[in-house]
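Single-structure report; data block below.
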2 protein chains.
Amino acid sequence: MTRVLVVDDDPYLLRALRINLTAHGYQVHTATDAAGGLATAGRQPPDLAIVDLGLPDLDGIAVVEGLRGWSRVPIIVLSARDAEAAKVAALDAGADDYVTKPFGMDELLARVRAALRRAAPTPDAPVISTAAFTVDLAAKRVTGPDGEIRLTPTEWHLLEILARHPDKLVAQRQLLREVWGPQYQTETNYLRVHLANLRRKLEPDPARPRYLITEPGLGYRFVP
Amino acid sequence: MTRVLVVDDDPYLLRALRINLTAHGYQVHTATDAAGGLATAGRQPPDLAIVDLGLPDLDGIAVVEGLRGWSRVPIIVLSARDAEAAKVAALDAGADDYVTKPFGMDELLARVRAALRRAAPTPDAPVISTAAFTVDLAAKRVTGPDGEIRLTPTEWHLLEILARHPDKLVAQRQLLREVWGPQYQTETNYLRVHLANLRRKLEPDPARPRYLITEPGLGYRFVP
DNA sequence: ACCGATCTTGACGCGTTCTTCGCGGCCGTA
DNA sequence: TACGGCCGCGAAGAACGCGTCAAGATCGGT
């Protein structure tokens, strides 16, 4: 079962979080201060941590730092509206997301799901092979028949997304959003240029692509 | 250098410990409460921890538990004569040794040596070799054809991270975060400078690196 | 307070990479 | 057949990233 650690000093909020998270199938551990939170995390490493920045020892950031020292567990930070500086510090320290109080329970649950989803795709086969080349996602390396193939950052980023969803159609918007950001979602010509460069480096016959397939008007597909 | 973390709320004792330990060649980090201690341990994992059970948040045991969650670092607990129960609890939680206050500094130092000696046999395969040099991760030493190569702390830290992931591409952000901290994630020029220095010390032809490879825009790769 | 080692910071040249644009081809539709 | 949408292609200038050097700034030890 997914284990969630909640560190908060407000007993009412703690109770509300416990009830809601439990109701959604999470196993909840709680602590009311930084020391207790870190100790609990040590005893029972959680799959996700929710940390209030306004702890009695004024040091929710210590929890983030303490966790980040040994764990990549997703951390969601709770903060009051005016604690901007602390929030930024917490994110710098390695927190993954933040929720400003007061917040709706549905929003928090959504962020919990998002954080877990983001963290989930870790343990996978990080090597995808085709007849023409091999993609090693962990080492960020592409090997062709003549040895290593050097990709530019953008090319690698595109290939990585496509390779993580083999045989699946990836929408143009999604590619543009993940590589260039939300405000570039219509610049489809970027995709054309960089896909062409990728094909030139990877495809045996770049003019007639076999692995990086265009689905006109929709997106692209990686077929191993 | 051997790193010792001391968690104690008594400033006099803290000072005495720092002076004595430093004098005996240990690198000392200190904290005055459980949260700070765990956070410090996360930032700079110690080789040994000395923890006073009588902390202001009454929870030295939390430090022991928090450390034991992710580390096998030897832990020596300090306790007042009458705190038998807490002492037992600390040992149950995973502490390695205890010293009853008041104690002689020589005794403590002896126990420190003993604890480190006991922990020493931690032999996995912490040695990575190339044709040009050898990296001993445990001993924190680099040996070249002409004997030992002296590295600065930053250089060693960088090389250590790269050597722990041979053949893997390590992202710039990750290097910056692990060596300098989360708020330096964009200072890529640090990497350029220190990598250049590393190459000057390690590479046969620093202008054409063979072991410390740059992947432009992405990060660096150590190829043994 | 001084000194050496180390780290930070800024500047420069150079090669690479990205962006941007125009052109031509393919295809479905009017 | 004409037309518009979409794609592949090539090329040019701009922007970026890297390596390098050298000058402060910082730190620890004497």
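So that the names make sense, note that chain A is the first sequence line, chain B the second, and so on, each numbered from 1.
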Look at the side-chain N and O atoms of [X] and state whether any lies under 4.0 Å from the OP1 or OP2 oxygen of [N].
{"X": "A/W180", "N": "C/dT19", "answer": "yes"}
{"X": "B/H194", "N": "C/dT6", "answer": "no"}
{"X": "A/Y190", "N": "C/dT20", "answer": "yes"}

By side-chain contact (heavy atoms from CB on, under 4.5 Å), which residues pair with B/A163, not counting sequence neighbours?
B/I128, B/V135, B/L137, B/F222
Just to verify, what does A/T152 make a side-chain contact (heavy atoms from CB on, under 4.5 Å) with, not counting sequence neighbours?
A/T154, A/E155, A/K201
Mind checking the CD1-CG spacing from A/I76 to A/L48? Nearest 0.5 Å is all I need.
5.0 Å
Between the protein and nucleotides 14-23 of chain D, list every N/O to N/O distance that falls short of 3.5 Å.
{"from": "D/dC18", "atom 1": "OP1", "to": "B/Q172", "atom 2": "NE2", "distance (Å)": "2.6"}
{"from": "D/dC18", "atom 1": "OP1", "to": "B/G217", "atom 2": "N", "distance (Å)": "3.0"}
{"from": "D/dC18", "atom 1": "OP2", "to": "B/Q172", "atom 2": "NE2", "distance (Å)": "3.4"}
{"from": "D/dG19", "atom 1": "OP1", "to": "B/R199", "atom 2": "NH1", "distance (Å)": "2.8"}
{"from": "D/dG19", "atom 1": "OP1", "to": "B/R199", "atom 2": "NH2", "distance (Å)": "3.4"}
{"from": "D/dG19", "atom 1": "OP1", "to": "B/T214", "atom 2": "OG1", "distance (Å)": "2.4"}
{"from": "D/dG19", "atom 1": "OP2", "to": "B/Y220", "atom 2": "OH", "distance (Å)": "3.1"}
{"from": "D/dG19", "atom 1": "N7", "to": "B/R192", "atom 2": "NE", "distance (Å)": "3.0"}

Calculate the interatomic distance between A/N197 atom CG and D/dG8 atom C1'; express it in whole Å.
11 Å
By salt bridge (charged side-chain N to carboxylate O under 4.0 Å, His left out), A/K140 pairs with (sequence neighbours left out) A/E160
Please tell me whether B/R200 and B/N197 have a donor and an acceptor in their side chains that are separated by less than 3.5 angstrom.
yes
Please list residues of residues 149-158 of chain A whose heavy atoms come under 4.0 Å from any atom in DNA chain C, ordered by number; otherwise none.
A/R150, A/T152, A/P153, A/T154
Under 3.5 Å, which donor-acceptor pairs do the side chains of residues 13-21 of chain B form with other protein atoms, sequence neighbours left out?
{"from": "B/R18", "atom 1": "NH2", "to": "B/T30", "atom 2": "OG1", "distance (Å)": "3.3"}
{"from": "B/N20", "atom 1": "ND2", "to": "B/A16", "atom 2": "O", "distance (Å)": "2.9"}

Tell me whether A/Q185 contacts the main-chain N or O of A/P182 through its side chain, where contact means a donor paired with an acceptor under 3.5 Å.
yes
Going by the rule ring pair (Phe, Tyr, Trp, His ring centres under 6.0 Å), which residues pair with B/H194 if we only count those two or more places apart in sequence or in a different chain?
B/W180
Any salt bridge (Lys or Arg N to Asp or Glu O under 4.0 Å) involving residues 145-154 of chain B? Give me the pairs, sequence neighbours left out, ordered by first then second residue.
B/R141-B/E148
Sequence neighbours excluded, every pair satisfying salt bridge (Lys or Arg N to Asp or Glu O under 4.0 Å) that has a member inside residues 169-181 of chain A
none
Expected list for residues 207-215 of chain B: side-chain donor-acceptor pairs under 3.5 angstrom, two or more places apart:
{"from": "B/T214", "atom 1": "OG1", "to": "B/R199", "atom 2": "NH2", "distance (Å)": "2.6"}
{"from": "B/E215", "atom 1": "OE2", "to": "B/R221", "atom 2": "NE", "distance (Å)": "3.0"}
{"from": "B/E215", "atom 1": "OE2", "to": "B/R221", "atom 2": "NH2", "distance (Å)": "3.0"}

Relative orientation of the end axes in the helix from C/dA1-D/dT30 to C/dA30-D/dT1, expressed as an angle to the nearest 10° (five pairs per end):
40°
Using atom names, set out every protein N or O paired with an N or O of nucleotides 23-29 of chain C below 3.5 Å, distance rounded to 0.1 Å.
none

With a 4.5 Å cut-off on side-chain heavy atoms, are A/Y220 and A/V170 touching?
no
